[in-house]
Amino acid sequence: MMLLTRKMIEIRGLLQTVGQSDTLTLPSIVVIGSQSSGKSSVLESIVGHEFLPKGSNMVTRRPIELTLVNTPDSRAEYGEFPSLGIGKITDFSHIQKTLTDLNLAVPAEQCVSDEPIQLRIYSPNVPDLSLIDLPGYIQVSGRDQPPELKEKIAELCERYIKAPNVILAISAADVDLANSTALRASRKIDPRGERTIGVITKMDLVDPERGASMLGDRKYALRLGYVGVVSRLPQSPTSSLFHRGSGNISTAIQKNEQSFFSSHSEFGADSQLDVGTKTLRKKLMRVMEQTMAASLKSTSEAIQQELAEATYEFKVQYNEMPLSAETYLAESLDAFKHSFRRFAEDFGRPQVRALIKHELDQQVLNLLAQRYWNKPLEDLSPPIPEADSLKDLPKADPENALWRLKLDASTGSLTKLGIGRLATTVVANALQMHVEQLITSSSFSAHPFARKAITNASASILSDLSYDISDELEICIKPYKYRIDLEDAEWKRGRDTVSDVLKEELEVCRAAMKNVETEMGGKRKLRDVLTFIDRVRSSQIVLEGTGAGGAGGFSASLLRKGQEAVFLRDRADVLQMRLLAVKSKQCASKKNKYHCPEVFLDAVADKLTTTADLFLDAELLSKFYYNFPRELDNRLGRDLSKSEIERFASEDPKVKRHLDVVRRKDLLEHVLKEMQALRQLEAREKRSLRTD
Ligand code: GDP
């Protein structure tokens, strides 16, 4: 009944996925032996391939948990490192290289590491076995090896050869058995020789009589016996072919052993000695099966215990709330889409309008400042003597052709600003920002992966849409570039809004002034510096040394702040004056548009906004609101593999802990059921053996 080992190996694999605890170890065959005893050759003859690290400088530094899986229905032979996730490796020299790299990754000063390397080999030619290869014992540390290496290896081996593991103690025939480190170590821990199999390698190196007597050793009698092997390939021209790691070497080794052992009567059938790799394999399978059967009960109990703990934790910590990575993702995604829908209901044309109008108000203010209210801001050095007095500048002079020209030019600048791109960008940026706010207040906030996926989804949709939409919008506003007719009502509205805009701007200006005042150290200081700068501006004095050293008893940084204050004061004056102008009777009628450029430009901005918000609401918003949730379904739903979903859910430590408990509980329940089935099977077999 080889089914048991196979099932138990499967169960071990399952238990490994939730992290095997110390109480929950299924038995393995642990291989020990001193360096050069032929340990690797024995393992390779069982596997049928060269795959273990070779080299004079102790290459096995970590335990290798080697699981052999018999695949009778497939011809393929390959290895897998489950924790590396690099898939099937069919080239055994590649496995050898990977093992060497993994071993050499342990720093030399650390000598050996407890952390096992897991390797599974699938082949129709291997038996189902679970083996652990340990670093070979060394006699004396080499020159470049740390002195404590010997002890460290011995300690590591001692930990692994504890019950219920089976010990495969490798000794070379050309070394006296009394000197075998492997047998000495196993005798210490298994004095009655109950779970040790002795393997004597290099039988070809000693005369058959001596070899035979070793196999029948009585000094350290083993219940499971000794097996003699010749596991090295004979050095023939054909053998070099096998060493390249392509073909299977078991047959060649077995043939060689067959011819060796059959040519010496000492090993004949009468001797009742166990010889040959084939015999060893059979013995290993049988012992493994028996050990597994013997451990069924204790393992079931251990699993039951673990299950009880997991169930308790699930109840106490999580109130038995079921959870899987998939449902967690699906629920998070639903909640997010829901919050997005709510946002979309509240963010429509009026919001788009406010955004665009605000942006255009700023553009209008800039144009006004540039063309109407500008007053060169003098540098302290050299002063500009004929600086226009502030009060002269903003007074309208509508009869002047220059003023007419100025208004037409400003209107042109506004309509030819690239409104299409500007408005689209402003709205797209606002949408992106809102999406990011939604992420932050969603359960995705703790998941960098999902955060990025959602941000990218919205950014890519918006950028795709923006490209065409800005061009199309530009075409929509094209007529305004040539001619703008205003209704009376539009003029009136412009007059009202621009008053508000100017008032707001005035407040901003004053607040900034207040800031500068505090920074300069108070009203008085500000006044002194302002008086000084004004004096310099109105006189023709050339100031010396206004660089780093300052001037007039003021430091350079104070003067810089002073200049800022001058700018703000002048701007506030202009704004105040224009506010009065806008409110004056003159500006009540659109006939006087040249008197009131502020009102006219605001009305133009308003017209542009109306076209833009209508268009963007229909094109950008509705398309984005349609596409975005679908794109989320793609990126966080359909396109994700199972492992990606797992990785996503585990990003949040709280969710990960919850998921781990649920998974552990489910898995232990499943394993326990399998174990119970195995125990029933085992009991039936025993009964039928008894009745036979
Ligand atoms: P390890 O260090 O214990 O893994 O030992 P290896 O398997 O690398 O073997 C050490 C050396 O002994 C190598 O040169 C092998 O070719 C050689 N060797 C292994 N088994 C046998 C055998 O049965 N007969 C002979 N003659 N040499 C062997």
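Remember, it's 1-based here, ligands and their atoms both numbered in the order they're listed.
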Does Ala172 come within less than 4.0 angstrom of ligand 1, counting non-hydrogen atoms of the residue? no
List ligand 1 atoms under 4.0 Å from Ser41, heavy atoms only on the residue side. 6 (P), 7 (O), 9 (O), 19 (C), 20 (N)
Between Lys188 and Glu158, does at least one N-O distance fall below 4.0 Å, as a salt bridge requires? yes
shortest atom 15 (C) of ligand 1-to-protein heavy-atom contact is with Arg232 CD, 3.8 Å
What atoms in ligand 1 come closer than 4.0 Å to a heavy atom of Val230? 23 (O)
Protein residue, atom and distance nearest to atom 24 (N) of ligand 1, heavy-atom basis: Asp204 OD1, 2.9 Å
Would you say atom 6 (P) of ligand 1 makes contact with the protein, given that contact here means a non-hydrogen protein atom less than 4.0 Å away? yes
Using a 6.0 Å cut-off, check whether atom CZ of Arg192 has over 12 heavy atoms from anything other than its own residue. no
Can a protein heavy atom be found under 4.0 Å away from atom 19 (C) of ligand 1? yes
Is the shortest N/O to N/O distance between Gln35 and ligand 1 below 3.5 Å? no
In terms of relative ring orientation, are Phe267 and Phe261 parallel, tilted or perpendicular, with 30° and 60° separating the classes? perpendicular
Does Ser231 have a heavy atom less than 4.0 Å from any atom of ligand 1? yes
Closest protein heavy atom (residue, atom, distance) for atom 2 (O) of ligand 1: Ser36 N, 2.7 Å
Which residue owns the protein heavy atom closest to atom 11 (C) of ligand 1, what's the atom, and how far is it? Lys202 NZ, 4.0 Å
Note the single closest protein heavy atom to atom 4 (O) of ligand 1, along with its residue, its atom name and the distance in Å. Ser40 OG, 2.4 Å
Ser34 neighbourhood, listing ligand 1 atoms whose heavy-atom distance to it stays under 4.0 Å: 3 (O)
Would Gly33 count as a contact of ligand 1 if the rule is a heavy atom under 4.0 Å away? no
Take a 6.0 Å sphere around NZ of Lys152 and say whether it holds more than 12 heavy atoms from other residues, nucleotides or ligands. yes
Taking atom types as modelled, is there a side-chain donor on Ser28 or Ser130 under 3.5 Å from an acceptor on the other? yes
Does atom CD of Gln258 have more than 12 heavy-atom neighbours, drawn from other residues, nucleotides or ligands, at distances under 6.0 Å? no
Could you go through the salt bridge (Lys or Arg N to Asp or Glu O under 4.0 Å) check for Asp204 and Arg232 one step at a time? CA-CA 10 Å; Asp204 55 327; Arg232 188 174 74 151; 5.2 Å; no
With a sphere of 6.0 Å drawn around OH of Tyr318, does it hold more than 12 non-hydrogen atoms of other residues, nucleotides or ligands? yes
Would you say Met203 and ligand 1 have an N/O pair spaced under 3.5 Å apart? no
Polar contact flag, side-chain donor to acceptor under 3.5 angstrom, Ser688-Glu685: no
For Tyr328 together with His447, are the ring centres under 6.0 Å from each other? yes
Residue part near ligand 1, for Leu205, under 4.0 Å between non-hydrogen atoms: side chain
